[in-house]
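This one's a predicted model, so the numbers in the text were calculated from it and none came from an experiment. Chain identifiers are assigned alphabetically (A, B, ...) following the order of the sequence lines, protein sequences preceding nucleic acid strands; residue numbering begins at 1 within each chain.
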Amino acid sequence: MNEKYPFSQIEPRWQTYWNDNGLFKTDHTDTRNPYYCLMMFPYPSGALHVGHGRNYILGDAVARYKKMQGFNVLTPMGWDAFGLPAENAAIKTGTPPKESTLKNISVMKEQLASWGVSYDWDRELASCNPDYYKWTQWLFTQLYKRKLAYKAEAAVNWCPDCATVLANEQVVDGACERCESEVEEKFLAQWFFKITDYAQRLLDDLDTLDGWPDRVKTMQRNWIGRSEGTEINFALVPRDDQTDPIEHVPCFTTRVDTIYGCTYMVVAPEYPALKELVKGLEQEEAVNTYSRNASKRTNIERMAEGDEKSGVFTGRTVINPYNGEEVPLWVSDYVLMGYGTGAVMAVPAHDTRDWAFAKKYTLPIRVSIDNPDHPLDVTTMEEAYTANGTLIDSAEFTGSPNRDAIPKMAAYATEQGFGESTIQFRLRDWLISRQRYWGAPIPMIHCPACGTVPVPDKDLPVVLPENVDFKPTGESPLATCEAFMNVACPECGVDARRESDTMDTFVDSSWYFLRFLNATDDTQAIDKQACNDWFPISQYVGGIEHAILHLLYSRFFTKVIHDLDLIDFNEPFAQLFTQGMICKRNEEDGQLYKMSKGKGNVVNSDELIRDYGADTVRVYTMFIGPPEKDAEWNDQGIEGASRFLKRLWRRVWEKHDQLTAAANTPLDIDSMEPAGRDLYRTANETIQHVTDAMDGAFHFNSAIAQIMSLLNSIDSTGVDDNSNDQHKASYRFAIDTVIRMLSPFAPHICEELWRELGNDDSILRAEWPKVDEASLARDEIEIIIQVNGKLRDKLTVSASCSKEDLETQALALPAVQKHIDGKTIRKVIVVPGKLINIAAS
RNA sequence: GCCGGGGUGGCGAAAUGGCAGACGCGCCAGACUCAAAAUCUGGUACUGGUAACAGUGUGCGGGUUCGACUCCCGCCCCCGGCACCA
């Protein structure tokens with residue numbers, strides 16, 4: 001053993017050992033104590049940096065910790081290997097996506113190994129391999145057969161830079177989440193998954209996910225956006241020639257209670273019947289011009305206008321079915337076609353947007369809900385009254401509190417046949433077609449005779465052809481590959497054409513976690529029995545950026561796969577941990593940015609491992625702060641972790657003789673001297689604290705702090721040749737405890753020291769230490785003495801000291817006397833074993 | 001606007017209603033050294049005081065309590081999500 005900590009020698013040695021001895025291989029047919037620990041699989045971008053590290057190091061620490069606690073831990077890893085970057089790189093460099101992707105995978109695999117992160121590589125999968133995407137395609141056909149996959153022409157988000165459509169979830173503030181280009185609206189025929197069918201279940205089951213962070217559940221709730229309301233049909237006042245395409249204009253409202261205050265109605269500029277409704281009217285040109293202009297303006301422009309509203313009168317009127325009143329129909333872009341029915345009943349007195357619009361165009365305003373505290377007066381009101389109140393001027397509903405009126409008025413609509421209670425969701429169907437090359441081909445065939453036909457199971461996979469010119473043109477690259485496109489119709493045999501779009505890569509990642517139980521099985525997509533045994537995943541670890549996208553889609557897929565009777569569970573992830581990002585300050589502008597290649601603020605992990613070793617990088621990464629919060633990388637901070645490990649190494653080396661001598665000494669508290677006994681107690685207290693910090697909320701930063709603190713106690717206690725056997729044994733126990741508890745974070749050094757201290761088996765098979773309750777007892781305890789809640793003194797007394805005795809001693813203390821002098825003692829609180837508080841005034 | 005999470009030393013942070021600032025970084029002083037690095041020892045919230053000690057202190061204002069970073073009420077600010085969503 002060397003005095004100097006030789007991390008560069010021991011780390012590769014143990015990595016090879018763990019790998020060669022299959023310490024992370026899991027027999028999933030052994031279902032005793034299963035613990036499935038999964039880290040979100042990475043996109044093989046080519047190089048990992050310390051910002052990525054948090055995810056894998058955290059997950060690895062959990063896996064090692066659970067293993068030591070006796071769980072049968074499953075930790076597989078794979079590659080989210082389809083996607084745009086490889087394709088874009090190929091366009092630049094000419095290297096085919098497949099080649100660069102496979103190369104990146106092998107580089108990253110080595111990097112993960114160099115961090116000491118261990119996986120069961122027998123289960124490795126890559127979403128770009130035909131033996132994986134065969135089943136992605138098979139699942140697509142299953143969805144199609146259940147009418148959960150459909151092709152429809154719709155207004156879609158188009159990213160001009162990526163030259164493909166995007167899902168709503170991939171549009172952030174009107175821009176592409178990947179390249180930040182402004183998204184355009186296009187009208188195209190595209191494939192969708194009917195996630196909206198699952199909206200209610202996706203919402204309801206969030207309540208069962210106790211192991212998920214609130215913020216993620218909230219984000220999903222917001223995204224699903226359920227609102228309860230009433231749909232009301234306003235009859236269109238017909239024109240003389242009876243040429244209208246519709247008789248009613250239905251609208252959705254959450255505030256049917258305000259309907260007697262409705263003074264006009266508004267439809268969205270994209271309202272389908274609008275053109276017909278205004279045909280031949282003097283308003284026709286104005287309405288059409290308005291609609292055209294509105295659709296040309298981007299979301300960003302619309303948002304920039306804020307409260308300033310615009311619109312035009314259509315020349316038509318509709319009838320409020322509650323009071324038979326005729327109100328004008330307007331068009332305005334403050335009404336969205338994508339939500340509700342695209343038409344809104346306007347109640348300016350009780351809605352801020354309607355108020356602004358009515359004021360601008362001097363439309364009538366009528367109060368129908370009165371403020372119980374200050375009766376409202378239209379002539380003096382300065383803004384819409386949106387709070388609760390009592391209905392006025394509302395026919396038979398007058399006098400009702402407005403919240404009570406809603407169900408009554410909805411029931412009335414149903415009775416009268418002009419409306420009903422409904423529920424609206426903000427969630428839209430998931431658009432999964434992509435006009436790009438590097439993805440799984442959509443396994444569908446367009447036959448001139450039979451229409452759209454799914455590729456039969458026996459013909460799967462539809463293999464992605466390799467010699468394709470995939471420069472983005474807006475057309476799907478596969479469409480140019482005749483060898484790929486031409487196919488006989490599986491039903492009638494005539495010449496047909498394949499679907500040329502590929503699938504969104506989020507489809508690939510929506511079910512990969514199920515595939516680790518049978519990654520090489522070419523007979524079925526999913527092993528039902530194995531999945532039922534191992535799911536839901538005990539611990540899923542990943543970035544918050546997937547709060548909606550991946551995590552919502554995966555929940556949807558799990559429910560669909562459940563409904564296909566391929567698994568028996570409804571939710572994939574029991575516990576979810578979303579780690580914060582690692583950021584680094586930009587030297588030029590002083591701002592904090594997420595560590596990324598684009599921002600040029602990455603800290604290269606290879607260099608750090610070379611200079612400090614993987615264990616140091618791991619310990620610092622976990623010590624940097626609470627793992628769910630963002631953290632700022634500090635180049636000096638890593639020195640602390642480095643010193644700590646060096647000190648541990650040195651201590652074991654220096655005290656090697658005493659530690660070895662104590663190897664077989666049974667611990668006996670009663671024959672320990674005070675110093676040894678104190679150290680033994682401190683070690684046990686530390687076990688308690690560290691175990692608490694590891695469980696639950698993953699307070700790994702605190703766990704490491706406690707372990708550091710124990711090493712400080714070890715150093716201040718010390719041991720030498722003159723120490724007696726029990727002292728040496730206590731010292732050894734404390735060192736053993738440090739090594740065991742630190743091993744999930746710094747596995748290499750701990751494995752090395754563990755063996756050095758005479759253990760034959762891997763520390764991975766060592767037990768997590770347990771608290772010796774007997775050690776926690778003290779003969780003497782320190783009591784905090786407070787006067788009026790302020791610390792005034794401390795008192796060391798025998799543990800058996802009576803309450804009364806303690807009180808007397810405390811009151812006699814000069815520091816206490818000083819502060820109660822001249823005051824009356826009102827109360828004395830004695831918390832046994834802890835403190836005394838004297839209330840005096 | 002609605003929802004979620006935060007606000008504690010110079011910095012990262014820690015505290016089942018019970019000693020605020022553990023642990024680490026940085027800094028200061030000392031030891032070792034010809035010197036430096038490494039290492040070790042001590043100190044380090046603020047104000048006053050040589051010190052003992054006293055006062056103040058967990059975003060702001062109230063409240064509950066013997067006792068509040070922690071619980072309750074009302075604000076302010078920061079971060080994240082949703083948003084002309086009817």
Undergrad: Can you tabulate the close N/O pairs, meaning under 3.5 Å, that link protein atoms to atoms of nucleotides 41-45 of chain B?
TA:
none

Undergrad: Looking only at non-hydrogen atoms, find the nearest pair between A:P269 and A:V335 and report the distance.
TA: CD-O, 3.9 Å
Undergrad: Measure CH2/A:W212 against C1'/B:G5 and give the value in whole Å, please.
TA: 18 Å
Undergrad: Nearest to the side chain of A:N701, which nucleotide is it out of B:A13, B:C84, B:G18?
TA: B:A13
Undergrad: If you check every side-chain atom of A:L791, which of B:U39, B:A13, B:C19 has the closest atom?
TA: B:C19
Undergrad: Between the side-chain atoms of A:K834 and the base atoms of B:U16, is any donor-acceptor pair under 3.5 Å?
TA: yes
Undergrad: Any salt bridge linking A:R778 with A:D678? Criterion: basic side-chain nitrogen under 4.0 Å from a carboxylate oxygen.
TA: no
Undergrad: Can you name the salt bridge (Lys or Arg N to Asp or Glu O under 4.0 Å) partners of A:D205, sequence neighbours left out?
TA: A:K559
Undergrad: Report yes if a side-chain nitrogen or oxygen of A:Y339 is closer than 4.0 Å to either non-bridging phosphate oxygen (OP1 or OP2) of B:A86; otherwise report no.
TA: yes
Undergrad: Is the A:Y322-A:F418 ring centre distance short of 6.0 angstrom?
TA: yes
Undergrad: At under 4.0 Å between heavy atoms, what does A:R428 touch on the DNA or RNA strands: base, sugar-phosphate, or nothing?
TA: nothing
Undergrad: Looking at CD of A:E169 and CD1 of A:I195, how far apart are the two atoms once the value is rounded to the nearest 0.5 Å?
TA: 6.5 Å
Undergrad: Taking atom C1' in both B:C32 and B:C79, compute the distance separating them and give it to the nearest angstrom.
TA: 48 Å
Undergrad: Taking all non-hydrogen atoms of both residues into account, name the closest pair between A:G340 and A:F252 and its distance.
TA: CA-CB, 4.3 Å
Undergrad: Tell me, please, which residues at least two apart from A:D720 pass salt bridge (Lys or Arg N to Asp or Glu O under 4.0 Å).
TA: none
Undergrad: Between the protein and nucleotides 48-51 of chain B, list the N/O to N/O atom pairs that are separated by less than 3.5 angstrom.
TA:
none

Undergrad: Scan A:I624 against the nucleic acid and name what it touches under 4.0 Å (heavy atoms): base, sugar-phosphate only, or nothing.
TA: sugar-phosphate
Undergrad: What contact category does A:P213 fall into here, base, sugar-phosphate, or nothing, at under 4.0 angstrom with non-hydrogen atoms?
TA: nothing
Undergrad: Considering just the side-chain nitrogens and oxygens of A:R650, establish if one lies under 4.0 Å of OP1 or OP2 belonging to B:C40.
TA: yes
Undergrad: Do A:Y5 and A:W653 have ring centroids that are under 6.0 Å from one another?
TA: no
Undergrad: Side chain of A:F252, heavy atoms from C-beta onward: which of B:G18, B:A86, B:C82 has the nearest atom to it?
TA: B:A86
Undergrad: So which nucleotide from B:A13, B:A54, B:A86 ends up closest to the side chain of A:K629?
TA: B:A13
Undergrad: Assign B:G48 to syn or anti; the rule is syn for a glycosidic angle within 90° of 0 and anti otherwise.
TA: anti
Undergrad: Within the distance-only criterion (no hydrogens, no angle test), does the side chain of A:N402 pair as donor or acceptor with the backbone N or O of A:L391 below 3.5 angstrom?
TA: no
Undergrad: Looking at A:S554 and A:H550, would you say the former's side chain and the latter's main chain have a donor-acceptor pair under 3.5 Å?
TA: yes
Undergrad: Strictly by side chain to side chain donor-acceptor pair (under 3.5 Å), give each pair with a member in residues 783-796 of chain A just once, sequence neighbours left out.
TA: A:R792-A:H819
Undergrad: Restricting both atoms to N or O, compile the protein contacts to nucleotides 61-68 of chain B shorter than 3.5 Å, with distance only.
TA:
| unit_1 | atom_1 | unit_2 | atom_2 | d |
| --- | --- | --- | --- | --- |
| B:C66 | OP1 | A:K827 | NZ | 3.0 |
| B:C66 | O2' | A:N837 | ND2 | 3.1 |
| B:C66 | O2 | A:N837 | ND2 | 2.6 |
| B:G67 | O4' | A:N837 | ND2 | 3.3 |

Undergrad: Please report, rounded to the nearest Å, how far the C1' atom of B:G1 is from the CG atom of A:D354.
TA: 15 Å
Undergrad: Are A:N634 and A:Y620 packed together at the side-chain level, in the sense that at least one heavy-atom pair is separated by less than 4.5 angstrom?
TA: yes
Undergrad: Is the shortest side-chain N to carboxylate O distance from A:R54 to A:D630 below 4.0 Å?
TA: no
Undergrad: Looking only at heavy atoms, which two atoms of A:T196 and A:L427 are closest? And how far apart?
TA: CG2-O, 3.3 Å
Undergrad: Under 3.5 Å for both distances, Watson-Crick or G-U wobble, that's the pair rule; now give the dot-bracket for RNA chain B, with | marking pairs to another strand and [ ] for crossing ones.
TA: (((((((..(((.....[....)))((((((.......))))))((((....))))..(((((..]....))))))))))))....
Undergrad: I'd like the C1' distance from B:C76 over to B:C60, given in whole Å.
TA: 7 Å
Undergrad: Using side-chain heavy atoms (C-beta onward) and a distance below 4.5 Å, is A:T691 in contact with A:V771?
TA: no
Undergrad: In whole Å, I'd like the distance from the CZ atom of A:R426 to the P atom of B:C2.
TA: 18 Å
Undergrad: Could you state the NZ-C1' distance from A:K818 to B:G55, rounded to the nearest angstrom?
TA: 12 Å
Undergrad: Give a yes or no on whether the backbone of A:P364 and the side-chain of A:T263 come within a donor-acceptor separation of less than 3.5 Å.
TA: yes
Undergrad: Grab the N/O contacts between the protein and nucleotides 31-33 of chain B below 3.5 Å, and write none if there aren't any.
TA:
none

Undergrad: Does A:E228 have more than 12 heavy atoms from other residues, nucleotides or ligands lying within 6.0 Å of its CD?
TA: no
Undergrad: Determine the Euclidean distance between corresponding C1' atoms of B:U8 and B:A22; express it in Å to zero decimal places.
TA: 13 Å
Undergrad: Is the closest side-chain heavy-atom distance between A:Y264 and A:L329 below 4.5 Å?
TA: no
Undergrad: If you assign each of A:V216 and A:E782 to its closest nucleotide in RNA chain B, which residue comes earlier from the 5' end?
TA: A:V216
Undergrad: Determine the minimum heavy-atom distance between A:P328 and A:F313, stating which atoms define it.
TA: CB-CE1, 3.4 Å
Undergrad: Quick check, are the ring centers of A:Y612 and A:F7 under 6.0 angstrom apart?
TA: no
Undergrad: Between A:V828 and A:V830, is any pair of side-chain heavy atoms under 4.5 Å apart?
TA: yes
Undergrad: What string of B, S and - do you get for nucleotides 23-29 of chain B 5' to 3' if you count protein non-hydrogen atoms under 4.0 Å?
TA: BSSS---
Undergrad: Could you tell me whether A:H819 contacts a base, only the sugar-phosphate backbone, or nothing, with contacts defined as non-hydrogen atoms closer than 4.0 Å?
TA: sugar-phosphate
Undergrad: For the pair made of CE in A:M622 and P in B:A13, what is the distance, rounded to whole Å?
TA: 14 Å
Undergrad: Just the table, please: protein N/O against nucleotides 77-81 of chain B N/O, every pair under 3.5 Å.
TA:
| unit_1 | atom_1 | unit_2 | atom_2 | d |
| --- | --- | --- | --- | --- |
| B:G81 | N2 | A:N222 | ND2 | 3.2 |
| B:G81 | N3 | A:N222 | ND2 | 3.2 |

Undergrad: Rounded to the Å, how far apart are A:K584 NZ and B:G12 P?
TA: 16 Å
Undergrad: Under the salt bridge (Lys or Arg N to Asp or Glu O under 4.0 Å) rule, collect the residues that match up with A:E632, sequence neighbours excluded.
TA: A:R585
Undergrad: When you get a sec, tell me which of B:A86, B:G18, B:G5 is the closest nucleotide to the side chain of A:T254?
TA: B:A86
Undergrad: Once salt bridge (Lys or Arg N to Asp or Glu O under 4.0 Å) is applied, do any residues pair with A:R366, and if so which ones, sequence neighbours excluded?
TA: A:E325
